[in-house]
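Structure, as structure tokens:
In what follows, chains carry the letters A, B, and so on, assigned in the order in which the sequence lines appear, proteins first and then strands, with residues in each chain numbered from 1. Hydrogens, waters and symmetry mates are skipped; everything else that's a heavy atom, side chains included, is used.
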Amino acid sequence: MAVDALPKTYDPREVEPRWYAEWLRRGYFHADVDPSRVPYVIMLPLPNITGVLHIGSVSTFSPQDVLMRWRRMQGHNALWQPGTDHAGIATQNVVEREMAKEGLTLQDLGREKFLERVWQWRDQSGGTIDQQLKRMGYSCDWERYVFTLDPAYYDAVLEAFIRLYNEGLIYRGKRMVNWCPRDQSAISDLEVEYEEIDSSLWYVRYPGADGSSGIVIATQRPETILADVAVAVHPDDDRYRALVGTEVILPLVNRRVPVIADGRVDPEFGTGALKITPGHDYLDNEIGQDHNLPVLVVLDEKGDMTPDTGKFAGLNRFDARDKVAGAIAALGLVEKVIPYRTSVGTCDRCHAIIEPYISDQWFCDMTGMAARAAEAIRAGRVRFHHERWARIVLNFLDHIRPWTLSRQLWWGHRIPVWQCDACGERVAAKIAPAVCPQCGGTVLTQDPDVLDTWFSSAIWPFATLGWPQETPDLRYFYPGNVLATANEILFLWVARMIMMGLHFMDDVPFTDVYVTPTVLNLEGQRMSRSLGTGLDPLEMVEDRGYGADALRFALISRCSQNQQDFRFAEKMIADVRNFNTKIWNAMRLVLMHLDGFDPETEPTTTALGPADRWIRSRYARLVANVTGALEAFELDRAARMLYDFIWGEYCDWYLELAKVDLQPEAGSGKPPTKERPVNGQRRAAVRHTLWYVLSNTMKLLHPIMPFITEEVWHRLPHRGDSIMIASWPQPRPEWVDAEPESQMDSLIAVIRGIRSLRTDLGIAPATMIPAHIRAGTDTLETLRRAHQHIARLAKVEAVFEAQGMPRPPSSVGAVLPGAEVYLLVRGVVDAERERRRLGRTVDDLEADIERLGRRLDSREFLERAPAEVVERERQRLEDMKARRARLADLIASLH
RNA sequence: GGGCGGUUAGCUCAGCGGUUAGAGCGCAUGCUUCACACGCAUGAGGUCGCAGGUUCAAAUCCUGCACCGCCCACCA
């Protein structure tokens, strides 16, 4: 397509899906075992099948794709393992809700029919997130896609369970667990989210059994008074010392319970007297056990009052709270009720308030595995980025508690334990044992529960590679390299993968954990679909037309490791869209000058001008800096450096200067033609530089913005098939050159100085005016050679002169650091106005000279500061004084 | 109660011991300049949360405080 025919704006909606399909078709995402190459492995944090892409996923997945694409270009055998999680509770809830619309319950369908229905649901609606991941450009190896209920994966989960069971680490027990009355299942400690709510604190009097006034307790949960078995006070609490050992009477039930002493009671809280309800509270349960108290239960698995609670039977816990409190108040035993703000545990899936509930569950003892994982982290075998997260994970591991593994659900990996109907013996096995090994009984029943979804996720890094089989994949790709995630699943998932990896594979599953900050909206709220505070990524990418590249870049440029969250808004994506348009138009300009260009021809070094040498030097630094930033997991820095280089250096300056170099005659304003060529070698050098820097900058940018870089790269002359598999730019230390950099600094300063003067004087931007430019010998020579560039960029026709002469007649000037510029104005110079303008510069200068002078007068500074710092400051002071003197001359010449 | 992070221009963020504290957006002014108005040019805008300390030198290091946010913990 002719360059002129290319549109002025870039359309990501056309480009992005086209390239993704092409990459897929060419199999670029697939990784096979290849001992000749070094593997690089990232496990995609597996989305739920119920999931849809949200901004949080984009902000954690995008950095992973950056790392994958970068390492792939560096020649690593890069594997990004994708898949989805069956998401036990979440999925079962979705399908149950759907069934409820048809008036169906779990019991109506039965286990088998229900599971069929979930699979049906998965086939229809599961998987939408996969399409969304593809739309974002993620280079996952889709050929290796794993679902946690795939037969092979299912088998691995059972294998892990059975091994831990046989090692004695998994056990069954009746104890208090976090119970979700809505889901009617146990959940683990980590699945409880604490929320602040407004509640009340009831002060209730328990009369003494001997007719005395008894004791007043404070409680948030009057309904559990029916299950109280004691009142506890602190042993050193003088107020109650006499009551310990006596009995008090529970209101309503009129049961006599003892007053006991226990050090765990806080005398400062409430009345200092704690009612003990071992059936419905963790601390009470502990205290009850230690004092051999009975356990009474008044709430059932649905959170309703049990049948033996008389007139309260069947009430839900919240209604019961009011009714019980009311009934006690009617007896005159409620001393007072005060408003009370408290935190309650809620279910992270359905947000129902959790009940401490006693039931039979399966647990896993994590102490040994946690100690081993902690040791690995302390030894630096797993590094966290930012390292502060290591301490947080270590704190979790150092205080690890048993993991409640069983869930009273149907959707998930069913616990592979069989119990003999005859003798009660339990056997762990993948398939039903024919006979009981204990008594020979032939009727064995499988445990009805399924495993915590996170149990299956914990073995993801090796179960996806064929474990427990010793597959070539497993040998080659394990351990992996990086795990990138939001901080919210560090314990739920990351820590557990480290523990399981060490346990089953005898090695950590990855060496680096990259923790991405949380995305907030501008009000500082967590972005959430349910709260309506979110930003829908697909809407941004497709409907608003910003494209996946823009969203990726916008998020990556803000994922600094310094902070644990950052605020984000649509405008920030639009800004990157503008950057894309800038890149696109830079490409259009370059292409206009690349007719018949052969990228194989190396330019003659001597033909390179200062601008070419400058941009090559800047580019060489960029390669080193971007590569270094990626190595240090400073992706945000890499993004910002690329933005600044492309827009601020390559486009703003190099392209403008190159236009001049590619013109046949200064100021002719026409592109070069065959009839009017520029110097052949110069032209070749400039064209090569234009092409080389743009082409390779696209490579550096490709990991962050894969689509536009591929599109641009393809339109430029090149040899390769795709930028995706092009090699990462080679470092060019020999191009780093301070000389052209300093020359360009002078040139830019002069051009800016002239432009600023022009604006001050209100000279129309297009008007060409005469000017005098003065500088020291070297700088003057540089500027003189750039006279055509200055003419075009500053719109002046300049004469170049040595410094020191008086102000040219009828001119207005400025003294810049290192150069002076004078514009010749028609008519009379407004001396007063000029004095004021120059005076402002002098004032600023005076202040600096004053401050610097004081510093250089200080003996301590001269004696203690490093010599080069002192020397540099001296030089600065001299330069400023010289500049002040020139300004004074200039002002003096005005009259 | 313990821990972590933040507080720099109107907004979002860089800078984390040494020139005059930067960027993008927003704002003002001027430009339909032959890559780009999703643009170009010029400019205004900051006592770097507060109080101490260390240092020749502090936005940057230390201590304390104040807000904002997150995590952990069995205070009824």
Side-chain angles (χ1 to χ4, degrees), chain A residues 3 6 8-10 194 201 217-221 232 264-266 268-271 273-277 281-287 340 342 356 386 388-389 391-392 395-396 399 487-488 490-491 517-518 520 522 524-526 557-558 560 562-569 571-572 574-592 636-637 640 643-644 647-648 651-652 655-656 659 669-671 752 755-760 762 764-766 792-793 795 817 844-845 847-848 851-852 855 858-866 868-870 872-873 875-876 880:
Chain A
V3 178
L6 288 176
K8 290 182 176 183
T9 51
Y10 167 75
Y194 287 87
L201 197 58
I217 57 93
T219 181
Q220 294 179 52
R221 305 202 59 188
R264 281 163 286 194
V265 177
D266 176 5
E268 304 293 317
F269 188 91
T271 61
L274 171 65
K275 73 188 206 61
I276 299 298
T277 323
D281 183 274
Y282 280 100
L283 177 62
D284 294 6
N285 191 263
E286 257 179 53
I287 293 176
Y340 187 65
T342 186
H386 187 283
R388 83 179 92 93
W389 297 111
R391 280 180 45 212
I392 290 168
N395 183 57
F396 166 71
H399 299 93
N487 64 36
E488 63 195 12
L490 280 177
F491 306 155
T518 309
L520 309 176
L522 287 183
Q525 300 165 297
R526 186 185 294 267
S557 63
R558 284 172 177 80
S560 156
N562 295 343
Q563 38 188 18
Q564 40 192 43
D565 45 42
F566 66 98
R567 298 181 185 207
F568 192 69
K571 185 74 178 73
M572 299 170 187
D575 293 342
V576 183
R577 185 268 321 269
N578 297 352
F579 179 47
N580 276 343
T581 310
K582 190 74 182 175
I583 292 171
W584 179 252
N585 282 291
M587 175 204 72
R588 291 206 311 140
L589 175 68
V590 170
L591 285 178
M592 287 175 191
D636 57 311
R637 279 191 55 224
R640 269 183 275 115
Y643 185 98
D644 292 343
W647 201 316
C651 290
D652 282 353
L655 290 184
E656 294 303 327
K659 281 182 197 169
K670 296 192 180 101
R752 287 198 164 136
R755 284 171 173 170
S756 183
L757 259 185
R758 295 178 60 113
T759 304
D760 261 12
R792 166 127 180 186
L793 298 188
K795 291 285 177 199
D844 291 348
L845 212 45
D848 291 343
R851 200 174 22 179
L852 199 53
R855 184 183 300 181
S858 148
R859 275 188 56 138
E860 286 107 327
F861 175 69
L862 296 176
E863 281 167 13
R864 306 217 188 170
E868 67 268 23
V869 173
V870 175
R872 199 172 57 217
E873 299 291 63
Q875 187 57 50
R876 259 183 70 214
M880 285 196 281

- [ ] Would you classify Arg391(A) as touching base, sugar-phosphate or nothing, given that sugar-phosphate means primed atoms plus P, OP1 and OP2, and contacts are heavy atoms under 4.0 Å?
- [x] sugar-phosphate

- [ ] Go through C13(B), C40(B), U42(B) for me and flag the one nearest to the Ser756(A) side chain.
- [x] U42(B)

TODO: Measure the acute angle between the ring planes of Phe269(A) and Tyr340(A), then classify it against the limits of 30° and 60° as parallel, tilted or perpendicular.
DONE: perpendicular

Open item on the list: What is the separation between atom OH on Tyr194(A) and atom C1' on C75(B), rounded to the nearest whole Å?
Closed with: 12 Å

Task: Check: Arg558(A) side chain, Met572(A) main-chain N or O, donor-acceptor pair, under 3.5 Å - done: no

TODO: Starting from Watson-Crick (N1-N3 plus N6-O4 or O6-N4) and G-U wobble pairs under 3.5 Å, report the runs of at least three that RNA chain B belongs to.
DONE: B:1-7 with B:66-72, B:10-13 with B:22-25, B:27-31 with B:39-43, B:49-53 with B:61-65

- [ ] On RNA chain B, check which nucleotide each of Phe579(A) and Ser560(A) is closest to and give me the residue with the more 5' one.
- [x] Ser560(A)

Task: G45(B) versus A57(B) - spacing of their P atoms, nearest Å - done: 30 Å

TODO: Pick base, sugar-phosphate or nothing for Arg855(A), based on heavy-atom distances below 4.0 Å to the nucleic acid.
DONE: nothing

- [ ] From the options C71(B), A35(B), G5(B), select the nucleotide whose nearest atom is closest to the side chain of Arg526(A).
- [x] C71(B)

Task: Interatomic distance where CZ belongs to Phe396(A) and P belongs to G3(B) [whole Å] - done: 20 Å

- [ ] Indicate, with a heavy-atom threshold strictly under 4.0 Å, whether Thr277(A) touches base, sugar-phosphate, or nothing.
- [x] nothing

Open item on the list: Would you say Gln563(A) places a side-chain N or O within less than 4.0 Å of OP1 or OP2 belonging to A14(B)?
Closed with: yes

Task: Gap between atoms CZ and P, on Arg792(A) and A41(B) respectively (whole Å) - done: 13 Å

Open item on the list: For a quick check of understanding: with a heavy-atom distance under 4.0 Å over all strands, which category does Arg876(A) fall into, base, sugar-phosphate or nothing?
Closed with: base

- [ ] Using the C1' atoms only, state how far U32(B) lies from U20(B), rounded to an integer number of Å.
- [x] 37 Å

Open item on the list: Regarding Ala218(A), tell me which of base, sugar-phosphate or nothing describes its non-hydrogen contacts under 4.0 Å with the strands shown.
Closed with: base

Open item on the list: Let me spell it out: for each of Gln220(A) and Arg752(A), pick the nucleotide of RNA chain B with the closest heavy atom. Which residue's pick is nearer the 5' end?
Closed with: Arg752(A)

TODO: Give a yes-or-no answer on whether the side chains of Asn580(A) and Arg577(A) include a donor-acceptor pair shorter than 3.5 Å.
DONE: no

Task: Selected nucleotide, minimal atom distance to Asn562(A) side chain, candidates G15(B), C13(B), A37(B) - done: G15(B)

Task: Side chain of Arg872(A) (C-beta onward), nearest among G3(B), A76(B), G18(B) - done: G18(B)

- [ ] Would you mind telling me which of A76(B), C70(B), C13(B) lies closest to the side-chain atoms of Gln564(A)?
- [x] C70(B)

Between protein and nucleic acid, restricted to nucleotides 22-30 of chain B and to nitrogen or oxygen atoms under 3.5 Å apart, what atom pairs and distances do you find?
unit_1 : atom_1 : unit_2    : atom_2 : d
C25(B) : O3'    : Lys571(A) : NZ     : 3.2

Open item on the list: Measuring to OP1 and OP2 of A14(B), would you say a side-chain N or O of Arg640(A) lies under 4.0 angstrom away?
Closed with: no

Task: Value in whole Å for how far the P atom of C40(B) lies from NZ of Lys795(A) - done: 17 Å

- [ ] Grab the CD-C1' distance between Glu656(A) and G39(B) for me, whole Å please.
- [x] 11 Å

TODO: Answer yes or no: side-chain N or O of Lys659(A) and base N or O of A35(B) forming a donor-acceptor pair under 3.5 Å.
DONE: yes

Open item on the list: Looking at the base of A57(B), is there any donor atom on it, or on the side chain of Glu873(A), that sits under 3.5 Å from an acceptor on the other one?
Closed with: no

TODO: Using the six-membered ring wherever Trp is involved, compare the ring planes of Phe579(A) and Tyr643(A) and label them parallel, tilted or perpendicular (cut-offs 30° and 60°).
DONE: tilted

- [ ] When you get a sec, tell me which of C38(B), C75(B), C71(B) is the closest nucleotide to the side chain of Asp266(A)?
- [x] C75(B)

Task: Side chain proximity check, Arg391(A) to Asn395(A), heavy atoms < 4.5 angstrom - done: no

Task: U19(B) and C27(B), which share atom name P, separated by this distance in whole Å - done: 33 Å

Open item on the list: Is there a side-chain contact between Asp284(A) and Leu274(A) in this structure, where contact means two heavy atoms from C-beta onward sitting under 4.5 Å apart?
Closed with: yes

- [ ] Respond yes when some side-chain nitrogen or oxygen of Tyr340(A) is under 4.0 Å from OP1 or OP2 of A76(B), and no when none is.
- [x] yes

Task: Proximity to the side chain of Arg577(A) - top-ranked nucleotide from U42(B), C13(B), C38(B) - done: C38(B)

Open item on the list: Using a 4.0 Å heavy-atom cut-off, does Lys582(A) contact any base of the nucleic acid, only the sugar-phosphate backbone, or nothing at all?
Closed with: base

- [ ] State which of C4(B), A35(B), C38(B) makes the closest approach to the side chain of Cys651(A).
- [x] A35(B)

TODO: Pick base, sugar-phosphate or nothing for Ser557(A), based on heavy-atom distances below 4.0 Å to the nucleic acid.
DONE: nothing

TODO: Check whether any side-chain nitrogen or oxygen of Thr9(A) sits under 4.0 Å from OP1 or OP2 of C36(B), and answer yes or no.
DONE: no

Task: C1' spacing across the pair U8(B) / A59(B), given as an integer number of angstrom - done: 7 Å

Task: Spacing of Tyr282(A) atom OH relative to A76(B) atom P, expressed in whole Å - done: 15 Å

- [ ] Would you kindly check whether a donor in the side chain of Arg388(A) faces an acceptor in the base of C4(B), or vice versa, at under 3.5 angstrom?
- [x] no

